[in-house]
Each structure stands twice: as C-alpha cells, then as structure tokens.
There are 2 protein chains.
Amino acid sequence: MEIDPNSDRPVFKQIADHFRDLIDRGELAPGAALPSEAQLSRTFGVAGGTARRALEVLRSEGLVVTEHGRGTRVRERGPMLRLASQRLTRANRAAGLGGFAADMRSLGLDYKQEMLHLGEVPAPRRIAERLNIEEGSPVFVRRRRMWGGGEPMQLADSYYPLDLIEGTPITEENAGPGGSYARLEERGHRLASFREELQARMPSEDEKKALRLLPGVPVVALVRTAIDTGGRAVEVFDSVMSADKHLFQYDFAAD
Amino acid sequence: MEIDPNSDRPVFKQIADHFRDLIDRGELAPGAALPSEAQLSRTFGVAGGTARRALEVLRSEGLVVTEHGRGTRVRERGPMLRLASQRLTRANRAAGLGGFAADMRSLGLDYKQEMLHLGEVPAPRRIAERLNIEEGSPVFVRRRRMWGGGEPMQLADSYYPLDLIEGTPITEENAGPGGSYARLEERGHRLASFREELQARMPSEDEKKALRLLPGVPVVALVRTAIDTGGRAVEVFDSVMSADKHLFQYDFAAD
DNA sequence: CTCCTCTACTGTTATATAGGAGTTGCCGGC
DNA sequence: GCCGGCAACTCCTATATAACAGTAGAGGAG
C-alpha cells in the first residue's frame with residue numbers, strides 16, 4: 001500500500017481511497033474494524049489530523065461508523081424496507097392494518113408507533129396547497145414516529161381537513177382497525193387515488209436525532225395525497241425516512 | 001452573537017448554528033457571502049481550524065458552497081425537475097422525444113446527451129435479475145450523461161437483451177425519433193408497463209465528479225424496467241441523478 | 001486603451017501538540 | 001468471587017503554524 005505525498009491527490013484522500021477499495025472489494029467485511037487514528041498515522045507516516053480526515057471522508061460517505069472510545073468499523077446495513085405502491089391498494093388495506101404496520105409485518109419486524117402530537121395546527125404551505133385550502137387555516141394533524149425492529153423508521157405527519165375527522169377516532173391516539181383510511185371510507189369518502197411525491201436531501205439536526213441517523217445518511221421526504229372519488233384531497237401524509245432503510249417501488253402502465 | 005467556549009456544545013458547532021440560523025431566517029439570502037475563515041477566526045476569537053470546521057459543517061449540510069479563492073456563499077438552488085410517472089405514457093412518448101428530452105423541454109432548458117459507452121458488456125447482477133437472464137451474460141448498453149441547462153443532470157445506462165436491438169439504431173449514437181422505446185415498439189414489443197425502483201444515497205467520488213455535485217448533496221438511483229405485452233423485460237434503465245435537482249411524482253389508483 | 005504582473009485576499013492541505021472524554025480490561029484489595 | 005480503581009486504549013476538540021493554490025483588483029508598461 002503506497003501513499004505518495006507528492007501526488008496531486010491529497011494524502012488524506014489517498015488513504016480514504018485505500019480503505020474504500022478494501023470495503024468495496026469485500027476485504028473489509030461489514031463490522032470489521034479499521035485501524036485506529038493513531039495506528040493509521042504511524043503506518044502511513046502522516047500526522048494524526050491527516051489520518052483523522054481520511055476516516056472523516058469515509059464517515060461522510062456512510063461507509064464506516066465510529067464510536068467514541070471504541071474505534072471505527074465498517075458499517076453494517078440493516079434490511080431494506082421495500083415500499084411498493086401496491087401496498088396501498090384496497091385489497092391490502094382491507095387486511096386490517098394501517099400501511100406502515102403492514103409493511104413492517106411483512107418484514108417480520110415488530111411495530112410500534114409513538115404519538116408526538118395530536119391536534120389542530122395552522123396548515124403549512126406545503127400541506128395547504130395539497131388540501132386546496134388557505135395557508136394557515138386550521139387542520140388536524142397526527143404527528144408520530146414509527147418504530148420497526150426497535151429502531152425509529154420514519155417521522156410521519158398526517159393532515160386532515162377538520163370537517164372530515166370530527167367525531168371519528170382519527171382524533172384519538174388509536175385510529176381504529178384499518179387505520180385512518182378505513183375511517184375516512186366509512187364516512188363516505190371512498191379513496192380513488194394517491195399521489196406520492198418524493199425528494200431526497202440531507203437531514204436536519206432534529207431529524208438526525210429523531211431518526212438516530214448515522215452521519216452521511218440522507219433522508220427521503222415523501223408526501224402522499226389521498227384523493228376521494230369526488231376528487232377531493234382528504235389526507236396529506238408528510239413523512240421523512242432514513243434513505244438507507246427504504247427503497248421505493250412503483251409499477252405503472254405504459255399507456 | 002455569543003460563543004461560549006465552556007459550553008457542552010463544541011465551539012465549531014455553535015458557530016455553525018449561528019449561521020444556519022441566519023440562513024434559515026432568511027437574513028442571509030441565497031448568494032450572500034459568509035465571512036471568510038480568517039474573519040471568522042478574528043471575530044469569534046477562535047483558531048483558524050475551528051472557524052474552518054464550522055463552515056465545513058454548513059457545507060456538509062448543503063447550506064453553503066465555497067469556492068477556492070472566492071469565499072463561502074449561501075447556496076442558490078436551481079429549478080427542480082419534476083419527474084411524473086405520466087411522462088412515460090404512450091401519449092407523451094408519441095410526442096416524438098425521448099423521456100429525458102421531453103422533461104427538459106418542459107422546463108425550458110436546452111438538452112444534450114453525451115454518449116459515454118455504447119456496446120456489449122456482461123450483465124451486472126442488478127441488471128440480470130431484472131432482465132431475467134444470467135448474471136454476466138452479454139447485454140447491450142447505452143451509457144450516457146444527460147445535460148440540461150448547461151449542467152449535468154443524470155448518468156443513465158440503458159441495458160437491452162441482445163436479440164432485441166440487433167440491426168436497430170439503438171446500437172447507434174442516435175436511436176432515432178422517439179428514442180429507443182419507439183424502436184422497440186416498431187419491432188413488435190409493445191410496452192405494457194414500467195416498474196421504477198428508487199433509492200437515495202450519498203454519491204461515490206466518480207458520481208460526484210461526473211454530476212458536478214456539491215458536497216452534502218445526495219443522489220437518487222432510479223432503476224426502471226420496461227415490460228412488454230408478453231411480460232418480457234425489454235429494457236432496464238439504470239440512472240443516478242442529483243437529489244437536489246429532481247423530485248419524483250407518482251399517481252396511482254387506490255384500488 | 002490594453003495587457004501584464006504584483007499583491008492581497010480567499011480557501012486547502014499538512015504538521016505538531018495539548019487536553020478532554022468514553023471504553024475496556026487488568027489487577028489488587030476485600 | 002466480587003468490586004473498585006487504574007492504565008491504556010479509543011475518538012474529540014482546539015490551538016498554532018506553515019506552505020501552497022486559486023481569484024480579483026490595482027497599477028504600471030507598452
């Protein structure tokens with residue numbers, strides 16, 4: 001293994017390249033330890049700060065994780081949740097579980113939801129646009145954090161026009177069997193279609209904490225609008241999830 | 001503006017927080033310059049390295065961009081390309097442009113495609129699985145970089161089973177009017193459906209360079225499989241695009 | 001007026017050093 | 001055997017310093 005201090009490529013990047021290579025080629029398996037900063041600095045003959053920067057590069061790429069006092073190891077990837085558009089078809093919804101619960105069940109992970117907020121709030125722009133109402137007018141929100149397999153999986157806010165949920169268990173902690181979509185349909189709002197909009201970005205500090213994200217892991221923001229047969233938007237589902245735990249799949253016709 | 005060196009929160013993060021705040025609140029508009037490293041270090045009374053790290057945090061969050069010799073400025077966001085699933089319907093395809101060209105046209109951006117590779121390659125696992133063939137068996141690939149508005153927008157590799165493209169212009173630089181889908185249909189493979197799979201992650205070094213990605217910008221990897229009326233996968237489209245320039249929209253029925 | 005060069009700014013890489021803080025395991029006292 | 005404490009390891013923050021490289025503008029030579 002050669003480091004050329006006179007190369008065009010900075011030393012810290014050369015060191016990062018070296019370990020990226022080992023990881024890509026599988027010679028450093030997930031869970032395997034990388035040399036400590038001090039060891040790196042000795043074996044490559046560079047200053048501590050330079051060794052540290054090399055590891056920093058790999059961290060920011062999400063290839064390794066480092067724990068204070070314990071060292072740096074190749075990142076282990078958990079299972080990926082495949083979110084297919086078919087999960088929201090009526091047949092699947094009829095199975096009795098809300099969307100997320102069913103997803104987790106299919107992976108064999110235990111499921112939990114933690115209610116963060118339940119009540120009326122002024123509609124943010126993004127939500128108001130999709131519900132076809134004035135920005136700032138009151139809407140009902142169910143704001144929660146979904147857990148699967150003991151880890152936080154997504155932050156999910158569901159927004160409803162007030163007139164649709166009055167007197168339903170949607171305003172309660174437990175929206176009842178089949179989730180809130182079932183309640184809306186019981187109330188005569190048969191769901192006709194969904195629109196999902198996805199965007200990937202880096203997480204905010206808060207999101208990082210709430211989702212226990214490792215450095216270098218982006219998030220996917222998914223906004224789903226549920227439309228009833230009358231063409232009315234009856235729910236906007238606004239969520240943020242860890243990109244390394246979710247894969248999205250959509251099937252659609254070619255004509 | 002106060003920095004507390006004895007705080008629990010590291011100094012460099014406190015400085016980053018300060019500017020993140022200014023940016024979030026709009027007091028530092030997109031394009032506005034942040035103080036130089038030297039200035040920061042003077043006004044906050046910290047070492048140069050510390051000031052530098054603060055800016056590094058903001059860079060990694062994608063909030064600012066810095067140019068060597070010119071300083072650090074609040075990031076300006078370009079327009080977002082909205083990729084709706086309807087863009088691939090037959091009606092839209094019939095308009096005569098390939099998918100990407102039509103997308104760019106709709107935004108009023110000029111379009112260019114740069115061919116990177118054209119020829120047979122052994123099928124990587126990911127592709128073979130979707131084409132229902134053996135991993136490593138030969139497939140034809142069109143590997144290109146798509147440009148829009150003078151900027152690289154995506155890396156796109158299209159893979160085809162060999163028997164489908166022999167003697168068609170798909171093997172040439174220019175696949176002809178309507179793109180390769182039109183050629184496949186002319187040949188009797190009427191497209192029935194698409195499957196798109198999306199996943200967000202941080203880019204590799206190569207992708208960063210090829211897409212001219214700013215630090216802290218994730219990419220979205222989109223794999224589209226085109227299925228003909230006989231149920232055969234006739235193309236796998238494997239692409240990588242900058243997350244901050246693309247938004248994905250899917251509409252689908254609720255039953 | 002145009003072109004070049006010099007200079008003062010900007011960020012970039014690398015060094016050396018120091019003290020702090022989390023983790024682990026060993027070893028001795030009980 | 002158990003427990004406490006210490007030592008040796010890990011990473012983390014911060015300082016100071018140096019040389020290098022890209023940018024932009026001022027000012028002089030032609």
Side-chain angles (χ1 to χ4, degrees), chain A residues 2-19 28 31-60 62-75 205 208 212 214-216, chain B residues 2-19 28 31-75 205 208-209 212 214-216:
Chain A
E2 307 305 333
I3 293 297
D4 175 6
N6 300 322
S7 158
D8 225 21
R9 191 159 180 78
V11 173
F12 76 94
K13 285 190 184 173
Q14 292 182 53
I15 298 178
D17 290 346
H18 171 61
F19 287 101
L28 274 173
L34 273 72
S36 75
E37 293 176 2
Q39 261 171 48
L40 281 181
S41 122
R42 277 192 303 272
T43 67
F44 289 102
V46 298
T50 306
R52 181 169 176 71
R53 274 196 83 178
L55 293 181
E56 214 146 41
V57 169
L58 298 174
R59 270 198 293 278
S60 82
L63 291 177
V64 304
V65 291
T66 122
E67 291 166 275
H68 190 163
R70 303 192 3 106
T72 300
R73 295 180 307 146
V74 179
R75 170 114 164 264
E205 277 290 315
K208 228 183 222 168
R212 294 199 194 145
L214 300 170
Chain B
E2 307 306 330
I3 292 299
D4 174 7
N6 299 321
S7 158
D8 226 21
R9 191 157 181 78
V11 174
F12 75 94
K13 284 190 185 174
Q14 292 182 51
I15 299 178
D17 289 346
H18 171 62
F19 287 101
L28 275 173
L34 273 71
S36 75
E37 293 177 3
Q39 262 169 48
L40 281 181
S41 123
R42 277 193 302 270
T43 68
F44 289 101
V46 298
T50 305
R52 181 168 177 70
R53 276 196 81 180
L55 294 180
E56 213 146 40
V57 169
L58 299 174
R59 271 198 291 278
S60 82
E61 291 174 1
L63 290 177
V64 304
V65 293
T66 121
E67 290 167 276
H68 189 167
R70 301 189 7 103
T72 300
R73 294 180 307 144
V74 180
R75 169 114 163 263
E205 276 289 316
K208 228 184 225 169
K209 210 176 308 168
R212 295 201 194 142
L214 301 170

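Convention: sequence-line order gives letters A, B, ...; per-chain numbering from 1. Everything quoted here is computed from the prediction, not taken from an experiment. These values consider heavy atoms only, across backbone and side chains, with no hydrogens, waters or symmetry-generated copies.
Here A:Glu56 lies out of heavy-atom contact (under 4.0 Å) with every strand.
Map B:Thr66 and A:Val11 each onto its nearest nucleotide of DNA chain C; the residue landing nearer the 5' end is B:Thr66. A residue-by-residue look at A:Ala51 and A:Gly69 shows that A:Ala51 has its nearest nucleotide of DNA chain C further toward the 5' end.
Contact between the side-chain N/O atoms of A:Gln39 and the OP1/OP2 oxygens of D:dC9 is not found at any separation under 4.0 Å. Dashed line: the shortest gap from a side-chain N or O of B:Thr50 to OP1 or OP2 of D:dT15 is under 4.0 Å. The phosphate of D:dT10 has OP1 or OP2 within less than 4.0 Å of a side-chain N or O from A:Ser36.
Residues B:Ala54 and B:Phe12 come closest through the heavy atom pair CB-O, 3.4 Å. Here the shortest heavy-atom pairing between A:Pro5 and A:Val11 reads CA-CG2, 3.9 Å. Counting all heavy atoms, side chain and backbone alike, A:Val64 lies closest to A:Arg59 at CG2-N, 3.8 Å.
One can place CG of A:Leu40 at 16 Å from P of D:dC9, the figure rounded to the nearest angstrom. Counting to the nearest Å, the C1' atom of D:dC12 and the CZ atom of B:Arg9 are 14 Å from each other. Atom-to-atom, CZ of B:Arg53 to P of C:dT12 comes out at 15 Å; the value is rounded to the nearest Å. Rounding to whole angstrom units, CD1 of residue A:Ile15 and P of C:dT15 are separated by 8 Å. Here D:dT10 presents its C1' atom at 12 Å from CZ of A:Arg42, a figure rounded to the nearest Å. Put simply, CD on A:Glu37 is 8 Å from C1' on D:dT10, counting in whole angstrom units. Rounded to whole Å, the distance from CZ on A:Arg52 to P on C:dT13 is 16 Å. Rounded to a whole Å, the CD atom of B:Gln14 is 18 Å from the P atom of D:dC12.
Nearest to the side chain of A:Ala47, among C:dT23, D:dA14, C:dT15, sits C:dT15.
Between A:Thr72 and A:Leu58, every side-chain heavy-atom pair lies at or beyond the 4.5 Å cut-off.
A:Gln14 contributes atom CD, which lies 13.0 Å from atom CZ of A:Phe19 (distance to the nearest 0.5 angstrom).
In the interface, the side chain of A:His68 is not paired with the base of C:dG22 through any donor and acceptor atom under 3.5 Å apart.
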